[in-house]
Amino acid sequence: MLIDSTLCIGCQACVDACREANGVVMDPTPNNFEGWNAAQTWDIAQDLDGETLNVIRLWRSGNATVKDAEEDGFAFGKRHCLHCVDPSCISVCPVQAMTKDPVTGIVGYDPDACIGCRYCSYGCPFGVPQFDLNSAFGQINKCQMCRHLQAEGKIPACCDVCPTGASLFGPVDLLQAEAERRLAATPGSLMSFPRGDITQDRPRHEKAVPHYIRQTYGEHEVGGTQVRYLSAVPFESIGLPKLDSFAPSRLSEGLQHTLYKWMIAPVLAVVGAAWLVRRNRVAAERDRGEEV
Amino acid sequence: MASRFERLHAPLITPLTLVLAVIAAAAAWFIYLRFQLGLGAIANINAGYPWGLWVVVDVVIGSALGCGGFAMALLIYIFNRGALSPLMRPALLGGLFGYSLAGAAVLFDLGRWWQFYNILTPWHWNLNSVMLEIALCVFVYVVVLWLEFSPALFERFGWKGLRQFAENWMWLLIALGVVLPFMHQSSLGSALVVLGHKLDPLYNTAFLPLLFVTSAIAMGFGVVVVEATVVSHSFRRASEHALLVQVAAVMAWLLIGWTLFRWGEVAYRGALGGVLAWSGATVSLWLETLLALFAALVCLSGARNDARWLFMAGVAVLLFGSVYRVASYLVAYHPVGNYSYFPSFPELVITIGVIAFEVLAYLVFVKVFPVLGAHGAAHPARK
Ligand code: SF4
Ligand code: SF4
């Protein structure tokens with residue numbers, strides 16, 4: 001999936017489509033809007049939560065008049081699972097409730113395995129998986145790239161409805177090439193942008209090339225992600241933290257596997273400790289003039 | 001075989017035990033509500049802070065407070081300080097409750113607790129998961145602790161055969177009891193390594209496992225000092241001060257080494273720049289350092305001969321380790337997005353209630369079972 005923030009017009013069609021495709025309940029009342037939205041006519045999830053799998057968030061600076069400008073500008077950020085190549089959520093889950101599909105690369109969740117420890121929530125570099133805290137029998141919820149729709153030959157709901165092609169579906173290598181094509185184009189020149197699925201021939205969308213930040217976010221971050229981003233404002237502004245190119249889960253897994261390789265170290269430690277204990281107990285009891 | 005331990009002859013029901021029971025009952029009520037209404041209704045954990053008070057205090061700190069038995073076993077059996085063995089059984093009992101309740105707290109913290117047993121079924125195991133190691137290791141250790149403690153139970157009931165059997169295998173139990181805590185207490189530090197950018201550079205290091213296990217040992221000594229002082233003072237038993245001073249000296253050097261390593265490591269990574277900034281992580285780092293150095297100073301100076309100062313040093317060590325743990329898991333943890341967390345009232349009541357229950361159970365056990373060192377036999381010199 002390629003998300004181009006400069007193409008996003010903030011219409012929230014993808015948020016709505018996601019809700020419908022995944023049976024997400026509405027989230028109508030942010031606390032600070034209670035009076036205004038008293039009739040609960042507006043659905044405004046402010047961020048990902050135990051139910052919401054996808055949100056568009058507005059970033060603004062100064063008087064927020066110019067789209068995609070750093071000063072006095074505004075931009076839209078889309079938040080959902082990035083489907084990491086080397087996902088922390090899978091690494092940390094004790095019971096293999098998080099899995100990566102070997103073919104599609106979709107990071108999926110199995111509620112029947114999950115024990116609800118929320119380590120995946122705690123460990124995900126993007127704070128994506130969330131436990132539904134409002135239910136007595138909650139579960140983790142996160143974007144699974146509409147794998148149920150993909151199984152029927154459809155594409156993820158958000159890409160399907162996006163009117164501008166800001167959310168674009170397709171194989172990662174084609175999307176990366178598309179991102180590079182956009183980065184290579186001269187800002188200001190007219191360009192046509194594919195919509196929906198990069199492998200299909202939907203009518204395209206014509207627009208002037210913006211002043212992109214010269215980076216595809218997700219190409220290297222935490223070892224690479226299958227969702228990639230383009231933006232004209234710094235990625236941090238639209239909710240994408242600055243990250244190293246290695247996955248921190250590699251470090252923790254490396255540590256664990258060195259310490260616990262074949263359980264050799266622990267077993268040796270028990271044997272050594274047992275030997276010392278036997279020797280020292282005998283000595284201690286003898287000092288005290290008791291039988292062991 | 002004469003026992004080296006005796007039980008405390010004191011009434012079971014006292015104003016203190018009643019108060020503890022009331023607090024524990026209040027906690028039980030809120031735990032019931034948590035199961036009825038869900039986590040969100042009771043706890044303030046949120047999208048940014050999926051782990052709150054229960055994970056950090058009940059499990060991470062609670063298990064470290066249960067390290068008395070572990071720390072003493074290291075000293076007595078591995079470093080051959082047999083003279084300290086009268087302190088062993090009470091320390092073990094503290095560990096027993098610390099760990100058993102840390103395990104119990106997991107049950108009401110888990111979101112999908114009814115599937116808890118998945119973690120015990122090998123076909124679910126993810127061997128990359130630090131959490132798996134912690135869970136299994138703590139589980140086995142709780143069993144080992146009960147077995148290690150079982151001679152006290154058998155002694156009380158006069159089951160000589162069983163007691164002898166347990167004693168015969170004690171060397172293995174003690175060895176396991178020394179190695180297992182090394183594994184999971186260090187893993188409680190490894191668990192944070194995966195956080196990467198979400199953990200403040202003052203706290204994020206590949207040495208987290210080392211820092212966690214060594215500070216847990218220091219806390220274990222701290223618990224022994226505090227517990228022995230309180231018990232001998234409030235039940236007017238002969239003081240074990242002479243032994244405690246020896247423990248305190250070991251603890252002091254451990255704390256000094258820990259603090260030096262901690263600062264050296266931060267400096268080596270070039271993260272020292274942040275230590276004067278005004279942030280939660282910085283304040284915690286200084287607080288840890290001051291508490292550790294205060295305790296070390298007391299334990300190495302003449303002040304240690306005063307039971308009150310020694311007691312305060314013990315408390316300082318417990319605070320030191322707790323600050324380090326709260327900071328690592330919550331204060332120095334930076335969620336993605338603007339979130340804040342402070343425990344709710346029911347969350348606090350549950351945590352305090354679990355601790356109250358722990359103290360209550362401890363008091364009942366020392367009065368019912370032979371736990372405390374029998375004085376005549378404990379000090380051969382005084383015979
Ligand atoms: S973004 Fe988070 S939830 Fe999604 S795959 Fe990566 S670690 Fe897992
Ligand atoms: S909450 Fe569930 S999916 Fe997430 S790490 Fe824990 S067991 Fe795995």
Side-chain angles (χ1 to χ4, degrees), chain A residues 47-50 88 90-96 111-119 121-123 125-127 130-131 133-140 222 239 241-244 248-249 251-253 255-256 259-260 266 269-271 273-274 276-278 280-281 283-284 287-291, chain B residues 1-2 4 35-41 43 45-48 50-51 76-78 80 82-83 85 110-116 118-119 124-126 128-133 135 170-172 174-176 178-179 182-183 186-187 190-191 193-198 206 209 335-337 377 380:
Chain A
D47 198 352
L48 301 179
D49 57 38
S88 298
I90 293 182
S91 167
V92 300
C93 177
V95 290
Q96 298 186 43
D112 292 333
C114 172
I115 58 172
C117 67
R118 309 184 299 285
Y119 194 8
S121 234
Y122 192 68
F126 307 100
Q130 301 292 341
F131 195 84
L133 298 168
N134 297 325
S135 150
F137 299 93
Q139 65 168 59
I140 291 283
V222 286
K242 236 194 187 76
L243 295 174
D244 285 336
S249 57
L251 187 59
S252 61
E253 288 182 15
L255 253 165
Q256 284 303 95
L259 294 174
Y260 296 110
V270 172
V271 172
L276 282 170
V277 169
R278 293 197 74 142
N280 292 340
R281 277 186 96 217
D287 289 351
R288 223 179 277 111
E290 285 177 25
E291 289 168 51
Chain B
M1 176 159 143
R4 290 180 278 116
F35 283 119
Q36 280 291 309
L37 306 173
L39 281 166
I45 53 172
N46 53 52
W51 284 356
I76 296 172
Y77 299 112
I78 303 296
N80 201 12
S85 58
L110 282 182
R112 295 175 74 75
W113 46 272
W114 63 95
Q115 295 187 155
F116 165 77
N118 280 352
I119 209 163
H124 277 114
W125 287 352
N126 168 16
N128 290 330
S129 171
V130 182
M131 170 89 63
L132 179 77
E133 195 280 321
M170 198 47 78
W171 57 274
L172 182 60
I174 295 174
L176 283 171
V178 167
V179 175
F182 250 110
M183 292 165 57
S186 63
S187 290
S190 315
V193 170
V194 75
L195 291 180
H197 74 109
K198 289 168 88 179
V336 180

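Worth knowing before you read on, the calculation uses all heavy atoms, side chains too, and leaves out hydrogens, waters and symmetry mates. Just so it is clear, the structure is predicted and the values come from calculations on it, not from any experiment. Chain identifiers are assigned alphabetically (A, B, ...) following the order of the sequence lines, protein sequences preceding nucleic acid strands; residue numbering begins at 1 within each chain.
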Inset, instruction - Let me know if A/Pro125 has heavy atoms under 4.5 Å from chain B in its side chain, its backbone, both or neither. - result: both

Inset, instruction - Examine whether an atom of A/Asp244 lies under 4.5 Å from a heavy atom of chain B, and if so say whether it belongs to the side chain, the backbone or both; otherwise answer neither. - result: neither

Inset, instruction - Taking the side chain as every heavy atom from C-beta outward, state whether A/Pro248 and B/Val193 have any atom pair closer than 4.5 Å. - result: no

Inset, instruction - Tell me, for A/Leu255 versus chain B, whether the close heavy atoms (under 4.5 Å) come from the side chain, the backbone, both or neither. - result: side chain

Legend entry - Options B/Phe116, B/Phe35, B/Trp125, ranked by heavy-atom pairs under 4.5 Å with chain A, top entry: B/Trp125

Legend entry - Proximal component of A/Ile140, with respect to chain B [non-hydrogen, under 4.5 Å]: neither

Inset, instruction - Check whether A/Gln96 gets within reach of chain B through its side chain, its backbone, both or neither, counting any heavy atom under 4.5 Å. - result: both

Inset, instruction - For chain B, find which of A/Ala113, A/Gly127, A/Pro266 contributes the most heavy-atom pairs closer than 4.5 angstrom. - result: A/Ala113

Inset, instruction - Name the option with the most non-hydrogen atom pairs under 4.5 Å to chain A; the candidates are B/Ile78, B/Leu172, B/Leu176. - result: B/Ile78

Inset, instruction - Using modelled atom types only, decide if a donor and an acceptor are shared between the side chain of B/Asn126 and the backbone of A/Cys93 within a distance under 3.5 Å. - result: yes

Inset, instruction - Could you tell me whether a side-chain N or O of A/Tyr119 sits under 3.5 Å from a main-chain N or O of B/Val130, the two making a donor and an acceptor? - result: no

Legend entry - Side chain, backbone, both or neither of A/Leu259 within contact of chain B (heavy atoms, under 4.5 Å): neither

Inset, instruction - Check the angle between the aromatic planes of B/Trp113 and A/Phe137 and answer parallel, tilted or perpendicular using the 30° and 60° thresholds. - result: tilted

Inset, instruction - Taking B/Arg112 for its side chain and A/Pro111 for its backbone only, find out whether a donor-acceptor pair lies under 3.5 Å. - result: yes

Inset, instruction - For each of B/Gly38, B/Pro50, B/Ala41, tally heavy-atom pairs with chain A at distances under 4.5 Å, and name the one with the top tally. - result: B/Pro50

Inset, instruction - Could you tell me whether the side chain of A/Gln256 and the main chain of B/Asn128 form a donor-acceptor pair under 3.5 Å? - result: no

Legend entry - Top of B/Ser129, B/Ala43, B/Ala135 for chain A proximity - count of heavy-atom pairs under 4.5 angstrom: B/Ser129

Legend entry - Side-chain heavy atoms of B/Pro209 within contact of B/Ser190, under 4.5 Å: yes

Legend entry - Side-chain heavy atoms of B/Gln115 within contact of A/Asp112, under 4.5 Å: yes

Legend entry - Heavy-atom proximity to chain A below 4.5 Å, by part of B/Gln36: backbone

Inset, instruction - Could you tell me whether a side-chain N or O of B/Lys198 sits under 3.5 Å from a main-chain N or O of A/Tyr122, the two making a donor and an acceptor? - result: yes

Legend entry - chain A contacts, top residue of B/Ser187, B/Ser186, B/Gly337, B/Pro335 (heavy-atom pairs, under 4.5 Å): B/Ser187

Inset, instruction - Tell me, for A/Ser135 versus chain B, whether the close heavy atoms (under 4.5 Å) come from the side chain, the backbone, both or neither. - result: backbone

Legend entry - Distance in Å, B/Leu110 CG paired with A/Ile115 CD1, rounded so as to fall on 0.5 Å steps: 5.0 Å

Legend entry - When A/Ala274, A/Gly239, A/Ala136 are compared by non-hydrogen pairs under 4.5 Å with chain B, the top option: A/Ala136

